[in-house]
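The figures here come from the full heavy-atom set of this structure, side chains too, leaving out hydrogens, waters and symmetry mates. Labels below follow one simple rule: chain letters A, B, ... track the order of the sequence lines, proteins then strands, and each chain is numbered from 1.
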2 protein chains.
Amino acid sequence: MLFFNTDSFRKLPTDKQEKILQTAIIEFAEHGFDGANINVIAKKAGISVGSMYKYFKNKHDLYMMTVSISVNKLSTTLNEIISLKMDFLSTVEKIVRAIQFHSRENIYLTKLYNQMTTENNAEFVQRIVSQMEGVTAQLYAAFIAEAQKNEDARPNINPKYFAFFLDNLFILLQFSYTCEYYKERLKMFVGEDVFADDELLVEQLMKFVKGALYLKD
Amino acid sequence: MLFFNTDSFRKLPTDKQEKILQTAIIEFAEHGFDGANINVIAKKAGISVGSMYKYFKNKHDLYMMTVSISVNKLSTTLNEIISLKMDFLSTVEKIVRAIQFHSRENIYLTKLYNQMTTENNAEFVQRIVSQMEGVTAQLYAAFIAEAQKNEDARPNINPKYFAFFLDNLFILLQFSYTCEYYKERLKMFVGEDVFADDELLVEQLMKFVKGALYLKD
DNA sequence: GTGTGGTGAGTGAGTGCTCACTCGTTATCC
DNA sequence: GGATAACGAGTGAGCACTCACTCACCACAC
């Protein structure tokens, strides 16, 4: 974990820390960096503005902290699944289901993640990308290369590119379950009922992915 | 086209209109709605703040106008390709190439589009979604259903879902060529060279899509 | 052609509000 | 009682938006 906060924040009881961070995550997720209001966050978290600035150097540091938390949560969930070392298809299916579950449980983490993708600060972006995708990128590609060896995947495909396309599907699926715009878009594509039938989506996405990799049914 | 501007704006010479809009698009794309500064936009566009407020009711109306322009440009490009009525695979390939070209030509339109997806205003979002995806969603699905009839696509897939997955690939590809975060992520997945070898990406993505639909090579 | 008056697009200094951040004061703990 | 933590009114910079004013332009009278 990177340190954007101060000693005094780390000395706080955990529940107070979490209250502050959770409040900040919601505010930043809903309004973006510029739109969020520190005074409001402090009030909602039940602390004074003064304390806020004892705990964090400035608004941007608080923001970085929340983004880091959010990205950490997302990538941890993913890495847990991957470390189960199941076969590739089972892993993919597990990830899709995790996205469906996680999106409902942690709306704001995902919204914040989407907010963050609009950031133009190069250095910041780079740090977050490697935290988020550093592991998965390699793992997906390795998985696909492995499948090629076992002749479960077409030999003439580039694992790195296929890993990228696969992750694209995951990311947009996640947004489609959480962010207003993408939710509307999903409804427009397949109808209002999507959100009531998780199984159908899993089934269809699995077919799509299986086909893409040329795996036998 | 929806009207967010005033009569006096529409009476302006076209080049002046375009100067103002282009400047606004860049500012909003770079800084988001809250981060953008109307006074700066006016100065860069070479008009007074007073005039700005003669042309647009307020900041939000100017924003809506720019987003509308951007979405219009994107969807027009797409619809032009689709209306060529080529076979499905050729259409997909043409779209992928158009994304590669368009992303470089119109960085700010795409960045603005990404900004817009973080919007929480339900009514606004709905209007934009239908402007953007209203046509394509149906068309992709129809294309796939057609392919099923010709036995070029697997019979047991749901065209609507597959259309959705396909468009997901397109959207993220677009962002991956323009927005800082997604650009970094693409580099992380396949390496720095991607941006120098458009053909390789086209080739790999086509294989991915072909496989997904179960089309013969 | 010259003078007069009316028009409205364009201007930018000014206004008032919002909000990131500070600091003198007060509470709490040992 | 001294040290440390928490407080929140206060500050000032920034910015969305206004409004009193300018002036180029045209119409009409003589």
Side-chain angles (χ1 to χ4, degrees), chain A residues 4-67 112 115 119-121 124, chain B residues 3-67 115 119-121 124:
Chain A
F4 303 113
N5 53 25
T6 64
D7 265 356
S8 58
F9 181 72
R10 256 164 284 152
K11 278 190 219 139
L12 248 39
T14 327
D15 59 335
K16 201 169 178 184
Q17 284 188 29
E18 297 220 314
K19 182 75 193 285
I20 295 167
L21 290 173
Q22 193 52 34
T23 313
I25 285 170
I26 294 176
E27 284 298 300
F28 283 124
E30 298 263 62
H31 305 109
F33 177 73
D34 288 298
N37 183 332
I38 291 280
N39 298 43
V40 169
I41 294 174
K43 186 163 233 169
K44 286 191 181 167
I47 61 165
S48 66
V49 213
S51 299
M52 197 82 247
Y53 281 87
K54 280 263 152 53
Y55 304 152
F56 298 94
K57 215 177 92 232
N58 51 35
K59 187 184 185 181
H60 200 249
D61 265 27
L62 174 61
Y63 179 66
M64 304 257 262
M65 183 79 193
T66 60
V67 170
L112 185 58
Q115 286 283 356
E119 195 74 31
N120 277 314
N121 176 343
F124 173 64
Chain B
F3 295 149
F4 302 112
N5 51 27
T6 64
D7 265 358
S8 58
F9 181 73
R10 257 163 283 151
K11 278 189 218 142
L12 247 39
T14 327
D15 58 334
K16 201 169 178 184
Q17 284 188 29
E18 297 220 314
K19 182 75 191 285
I20 295 167
L21 290 173
Q22 192 54 31
T23 312
I25 285 171
I26 294 176
E27 284 298 300
F28 282 124
E30 299 262 63
H31 305 108
F33 177 73
D34 288 299
N37 183 333
I38 291 280
N39 297 43
V40 169
I41 295 174
K43 188 163 230 169
K44 287 191 181 167
I47 60 164
S48 66
V49 211
S51 299
M52 198 82 247
Y53 282 88
K54 284 261 155 62
Y55 305 151
F56 298 94
K57 214 176 93 231
N58 51 34
K59 189 184 185 181
H60 200 249
D61 265 28
L62 174 61
Y63 180 66
M64 305 259 261
M65 183 80 195
T66 60
V67 170
Q115 287 283 357
E119 196 73 30
N120 276 314
N121 176 343
F124 173 63

C/dT11 phosphate, OP1 or OP2, under 4.0 Å from B/S48 side-chain N/O | yes

Is any side-chain N or O of B/K54 closer than 4.0 Å to OP1 or OP2 of C/dG10?
-> no

Under 4.0 Å between a side-chain N/O of A/N39 and OP1 or OP2 of C/dT18, yes or no?
-> no

Rounded to whole Å, NE2 of A/H60 lies from P of C/dC21 at a distance of 11 Å

Phosphate oxygens OP1/OP2 of D/dA16: is one of them under 4.0 Å from a side-chain N or O of B/N58?
-> no

Round to a whole Å and report the spacing from CD of A/E27 to C1' of C/dC19.
-> 13 Å

Starting from P on C/dG12, measure out to OH on B/Y55 and report it in whole angstrom.
-> 12 Å

Winner on side-chain proximity to B/I38, out of C/dG10, C/dA20, D/dA16, is D/dA16

Reported OG-to-CZ distance for the pair B/S8 and B/F56, which is rounded to 0.5 angstrom | 9.0 Å

Looking at D/dC17, C/dG10, D/dA6, which one has an atom nearest to any side-chain atom of B/L12?
-> C/dG10

So how far is it from B/N37 CG to B/K59 NZ, rounded to the nearest 0.5 Å?
-> 7.0 Å

Describe the nucleic acid contact of B/A42 in one word from base, sugar-phosphate, nothing, applying a heavy-atom distance below 4.0 Å.
-> nothing

Atom NZ of A/K59 to atom C1' of D/dA13: distance rounded to whole Å?
-> 14 Å

Quickly work out the B/I20 CD1 to C/dA9 P distance and round it to whole Å.
-> 14 Å

Check the distance between D/dA6's P and A/K43's NZ and give it to me in whole angstrom.
-> 19 Å

Out of curiosity, B/K19 NZ to B/I47 CD1, how far, rounded to the nearest 0.5 Å?
-> 10.0 Å

Residue A/V49, side-chain heavy atoms: nucleotide from D/dA9, D/dC7, D/dA6 that is nearest | D/dA9

What integer distance in Å separates A/I47:CD1 from C/dA27:P?
-> 19 Å

Which class fits the ring pair A/Y63 and A/F28: parallel under 30°, tilted 30 to 60°, perpendicular over 60°?
-> perpendicular

From the options D/dT18, C/dC21, D/dA6, select the nucleotide whose nearest atom is closest to the side chain of B/Y53.
-> D/dT18

Considering only heavy side-chain atoms of A/S51, the closest of C/dC21, C/dA20, D/dA6 is D/dA6

Within less than 4.0 Å of OP1 or OP2 of C/dA9, is there a side-chain N or O belonging to B/K16?
-> no

Return the value, rounded to whole Å, for the distance between atom CG of B/D34 and atom P of D/dA16.
-> 9 Å

Assign the ring pair A/F9 / A/Y55 to parallel, tilted or perpendicular, where the plane angle (0 to 90°) is split at 30° and 60°.
-> tilted

